[in-house]
Amino acid sequence: MCGIIGYIGNKSATPLILDGLRKQSYRGYDSSGIIVFEKEKPELVRAVGKLEVLEEKVQKSDFKGTVGLGHSRWATHGEVTEANAHPHADCNNNIFVVHNGIIENFMSLKRQLEEKGHVFHSETDTEVLPHLIEHFFKGDLPKAVRQALLLVKGSYGMAVVARDDPGKIVAARVSSPLVISVNDSGGFVASDPSAIVSHSNKMVFLDDGEVAVLESGTFTVTDLHNIKKEKEITELEWSAEEAQKGGHETFMLKEILEQPESIRNVIRGRLLPKEGAVKLGGLEEVEEKLRGMKRIHIIACGTAFFSAMTGKYMIEEYAGLSCEVDIASEFRYRKPIVSPDTAFLFISQSGETADTLAALREVKRKGGLTLGIVNTVGSSVAREITAGIYNHAGPEIGVASTKAFTSQLVALAMLTVFLARQRSMSLVLGKRIVEEIARLPDLVKQVLGQKEVIAQLAQKYASFSNMLYIGRKYNYPIALEGALKLKEISYVHAEGYGAGEMKHGSIALIDENFPTLAICPSDSVYEKMISNIQEIKARGGSIIAIASVGDKEIANLADDVIYIPKTIEMLTPILSVLPLQLFAYEIGVKRGYDVDKPRNLAKSVTVE
Ligand code: G6P
């Protein structure tokens, strides 16, 4: 992933493509590339780092061709190198592809293509696409693309051009957005309308399984079997800035609402429902070592630390391993025991947090086995760990972490199943958990569907200056994360507490001006939570409860209730945190703050 742009028409393609890449640069990228047909000859330029590096290289060549593609890459498979940057080509330098998404069966496709003599030049999953299309290509690019895609599993938003079938861009999508737009001067394809809305506000959004063929001034859309599709033209009334945010007011809201998709991405290709197991390719090389481990030690900062805390409950309950968690800034200055039967797991969205990195280096110095859950491919943590799991959540722009957090929790749930199935977890239980993980994208969508109800609730509570968040067991870290979100976004004083610990201090604060958000799904500590809620009510405090659908008792006790669907206890945090994200967001907006860039905070804390 990240940004796709293509142009075909009667203007010089290069400046239009570079402009399209620049307009998508807000999404984050680490390398980029462009292919332009200059007098039918393909001219490919790729560069690592800032777009300026690509621009400089391209300007030296002064291409005038009127067909081309561009891509800004945010690495998912393979390091950040020029060879891994898109576009990728076939063996004959005929077919060129830019791609967002993940080709799940790329390993087996690559093996088959190599057996047929194809030579690969990158570590990417994307490179199988031009070679597979080459395999079918007999002069008709759209046909070859359709044939190739029938063999592909995974997600893609992609655009393809061929020297030997000039005058066309073929674009296709499954689970990765793609939009086309055609006007008098030509046609555009992009992964984000913001890249092309300045040329025309008339857009055609492709749906999953569709293939579009753009020629100068016209387009057709079919399915993979070449059955024609009628497409609606949408007129966007977005400003350029709104377009970057996908029509949402802020990146934070966009990222909150993207969670069904980001969770789908973290689980894609990793669940083995029949075996009640998970396949974590990034851990294969340490699989045997992990079998012998007795302890897991998780280290992280900020929101990632709260996912670590939640992971502790998962790993201890199901994998039967003792699990310790540490804030990286504390861990690095104490004298941790690094023993050979302990695996050290570092969780980081950015992979660049200074304290997490220092803690990782300390463990490596002492010879410990290091693992990671990281969102940013090729980041320092990703490079320095022995083995790990990528989140594939896509770039997170809002400073307050939302979609990265839930994808960390899902990665931890999968890691738990992985470790537990190496040990004593039964097939039946493994199947049950894997089944529930697979349902998460739909369950998350149901919770996010209550956005308006939560907005009304936020209106009611927006004027309070203090709030308490309480939870137990799996939802204790979620109380901490909920309070952190409110602090970060709305500058309201919020305390997160383990509900059982409340009596030892924070209950002294409770009065009618100090509301409590109680996370109490129907789980193993429900009764205990009810007692705590009663204690707060007895002291005049009001309660907003996050409870499971069907819980009638809670409605009599709490002032307000937000319901979440039922799932197994271990996965409830992935649902219960969503209303807390939306609640903090709505209060921040109502108080008039810039929720994407809260004061005094940085997205990536690369200094101590
Ligand atoms: C900063 C961000 C947080 C994030 C934390 C850890 O404080 O504002 O959202 O949770 O760093 O970042 P990491 O990239 O290591 O997950």
Side-chain angles (χ1 to χ4, degrees), residues 28 30 74-75 250-256 258-259 262 266 298-311 325-332 344-363 370-385 388-412 415 477-491 494 496 573 577-578 580-581 584-585 588 593-608:
D30 45 48
W74 198 76
T250 61
F251 284 112
M252 185 180 175
L253 183 60
K254 175 173 178 275
E255 287 156 9
I256 290 175
E258 259 169 23
Q259 288 176 105
S262 54
V266 70
I298 319 182
I299 297 140
C301 295
T303 288
F305 174 69
F306 297 142
S307 74
M309 283 179 74
T310 317
V325 290
D326 255 298
I327 293 171
S329 53
E330 287 300 315
F331 178 89
R332 65 182 289 195
F344 292 82
L345 172 65
F346 297 85
I347 306 181
S348 176
Q349 186 286 127
S350 64
E352 301 295 348
T353 302
D355 285 318
T356 308
L357 204 49
L360 163 62
R361 289 176 181 158
E362 188 59 23
V363 172
T370 57
L371 310 174
I373 294 178
V374 181
N375 195 30
T376 311
V377 174
S379 59
S380 304
V381 172
R383 285 198 310 272
E384 295 186 30
I385 49 174
I389 306 169
Y390 278 126
N391 293 114
H392 299 314
E396 194 178 60
I397 314 284
V399 166
S401 188
T402 52
K403 66 173 181 173
F405 179 65
T406 47
S407 79
Q408 285 160 357
L409 294 180
V410 178
L412 282 160
L415 175 65
I478 300 308
L480 303 185
E481 169 62 5
L484 175 68
K485 283 288 90 89
L486 191 68
K487 277 184 269 205
E488 285 181 309
I489 300 306
S490 65
Y491 318 141
V577 75
L578 305 169
L580 308 188
Q581 294 172 345
Y585 171 81
Y593 299 127
D594 178 352
V595 296
D596 282 339
K597 291 195 195 81
R599 70 185 180 207
N600 309 338
L601 295 178
K603 181 70 189 155
S604 187
V605 182
T606 54
V607 288
E608 251 192 273

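All ligand and atom numbering here is 1-based and tracks the order in the structure. Nothing fancy with the numbering, it's 1 onward along the sequence.
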* To do: Output the distance between atom CD1 (Ile389) and atom CG (Leu415), rounded to the nearest 0.5 Å.
  => 4.5 Å

* Asked: For Ser490, what residues pass the side chain to side chain donor-acceptor pair (under 3.5 Å) criterion, not counting sequence neighbours?
  -> none

* Residues in contact with ligand 1, criterion: heavy atom under 4.0 Å -> Cys301, Gly302, Thr303, Ala304, Ser348, Gln349, Ser350, Thr353, Val399, Ser401, Ala602, Lys603, Val605

* Do Asn375 side-chain atoms and Ala393 backbone N/O form a donor-acceptor pair below 3.5 Å? -> yes

* To do: Flag the pair Arg361 and Glu384 as a salt bridge only when some basic side-chain nitrogen lies within less than 4.0 angstrom of an acidic carboxylate oxygen.
  => yes

* Asked: Does a donor on one side chain sit under 3.5 Å from an acceptor on the other, for Tyr585 and Thr402?
  -> no

* Side-chain donor or acceptor of Gln349 paired with backbone N/O of Thr376 under 3.5 Å -> no

